[in-house]
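Read the structure below first, then the notes.
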Amino acid sequence: MNAIFALLFTVALAFAAWTGNVKGFTDGLFGGVANAVTVAIGLVGVLALWLGLVKILEKAGAVDAIAKFISPVMRLIFPGLPADHPALAAMTLNIAANMLGLGNAATPLGLKAMEQLETLNPKQGIASDSQALFIAINTANVTLVPATVIALRAANHASSPADILFPAMVASGCATLAAIITSRLLARLPRYKNQYDAAPDKPKTPEPAK
């Protein structure tokens with residue numbers, strides 16, 4: 001990202017110098033910086049409100065309710081996992097937390113899910129199909145409460161900041177469906193299948209002495 005920002009800054013400055021509009025460049029630069037600070041300060045209150053409401057939903061058991069609702073779907077998406085394996089429960093709770101926009105609460109659950117999935121992965125140094133699919137779903141997760149986007153719209157004086165709830169659900173739902181289909185199709189390609197099969201097996205843990 002540092003390289004990208006440095007490239008954008010250099011190209012913009014060079015273009016301004018070439019067109020003789022360096023003053024417009026500096027005015028836009030400092031104006032944008034001042035606007036960024038104004039928006040950031042305005043976000044504090046709006047984010048506190050939305051994240052507080054989401055936290056109330058979490059305490060009220062919304063995460064557990066969503067997890068219970070999507071649990072059968074998760075078993076269909078990951079048919080190769082044992083039904084009572086901890087990885088399935090951790091993935092379900094992680095996705096439910098992400099659906100409510102609980103980024104901080106969802107991260108430990110996501111890490112726990114990856115740890116549990118790794119225990120089912122017989123290969124060393126390469127992700128299994130289940131791990132790749134979970135990452136794809138996690139990246140394009142269905143969002144019910146896009147709190148950050150609502151806060152940004154409110155900070156920029158949108159007339160109805162929350163009117164993106166339904167479009168966000170549809171868009172993130174389509175993205176999740178596309179991620180699942182793409183991951184399944186890629187897993188069947190010989191290139192990736194052979195690469196996984198050729199990876200070395202994990203060393204077997206020695207049995208404890210009797």
Side-chain angles (χ1 to χ4, degrees), residues 1-9 11-12 16 24-74 77 90-114 133-183:
M1 289 302 294
N2 289 337
I4 293 174
F5 279 119
L7 178 63
L8 291 174
F9 183 86
V11 170
F25 171 78
T26 54
D27 289 345
L29 178 65
F30 292 114
V33 171
N35 187 49
V37 173
T38 303
V39 171
I41 293 175
L43 279 175
V44 174
V46 183
L47 270 177
L49 171 64
W50 276 103
L51 294 179
L53 292 174
V54 169
K55 200 67 178 177
I56 292 173
L57 288 175
E58 180 193 11
K59 295 294 184 183
V63 173
D64 293 334
I66 295 175
K68 186 177 180 181
F69 178 75
I70 66 174
S71 180
V73 180
M74 292 294 289
I77 297 175
M91 286 192 296
T92 303
L93 288 173
N94 168 260
I95 292 174
N98 274 329
M99 290 172 75
L100 289 177
L102 298 171
N104 292 334
T107 300
L109 294 169
L111 295 175
K112 184 69 176 176
M114 288 299 288
L133 178 57
F134 174 63
I135 290 295
I137 294 175
N138 202 279
T139 304
N141 197 53
V142 177
T143 303
L144 299 180
V145 185
T148 303
V149 179
I150 292 173
L152 282 170
R153 285 170 55 81
N156 284 282
H157 311 294
S159 58
S160 300
D163 61 3
I164 62 165
L165 285 175
F166 182 70
M169 283 189 280
V170 173
S172 57
C174 292
T176 303
L177 183 61
I180 294 172
I181 294 174
T182 304
S183 179

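All residue numbers refer to positions in the sequence shown, counting from 1.
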Hey, does the side chain of Arg153 reach the backbone of Ala162 with a donor-acceptor pair shorter than 3.5 angstrom?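 Such a contact is absent between Arg153 side chain and Ala162 backbone.
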
Donor-acceptor contact below 3.5 Å, side chain Thr143 vs main chain Ser172: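 Not at all, since once roles are kept as given, no pair shorter than 3.5 Å links the two residues.
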
Grab the two heavy atoms, one from [X] and one from [Y], that are nearest each other, plus how far apart they are.
X: Phe25; Y: Ala12; result: CE1-CB, 3.7 Å
X: Leu133; Y: Ile180; result: CD1-CA, 3.9 Å
X: Ala140; Y: Ala179; result: CB-CB, 4.3 Å

How many angstroms lie between atom [atom1] of [X] and atom [atom2] of [Y], to the nearest 0.5 angstrom?
X: Ile135; Y: Ser183; atom1: CD1; atom2: OG; answer: 10.5 Å
X: Asn2; Y: Leu7; atom1: CG; atom2: CG; answer: 12.5 Å
X: Leu93; Y: Met74; atom1: CG; atom2: CE; answer: 9.5 Å

Evaluate Asn94 against Lys112 for side chain to side chain contact (heavy atoms under 4.5 Å, CB included), listing each step before the verdict. CA-CA 9 Å; Asn94 168 260; Lys112 184 69 176 176; over 6 Å; no

Using the side-chain contact (heavy atoms from CB on, under 4.5 Å) criterion, which residues pair with Val73? Sequence neighbours excluded.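 Checked Val73 against side-chain contact (heavy atoms from CB on, under 4.5 Å); matches are Ile77.
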
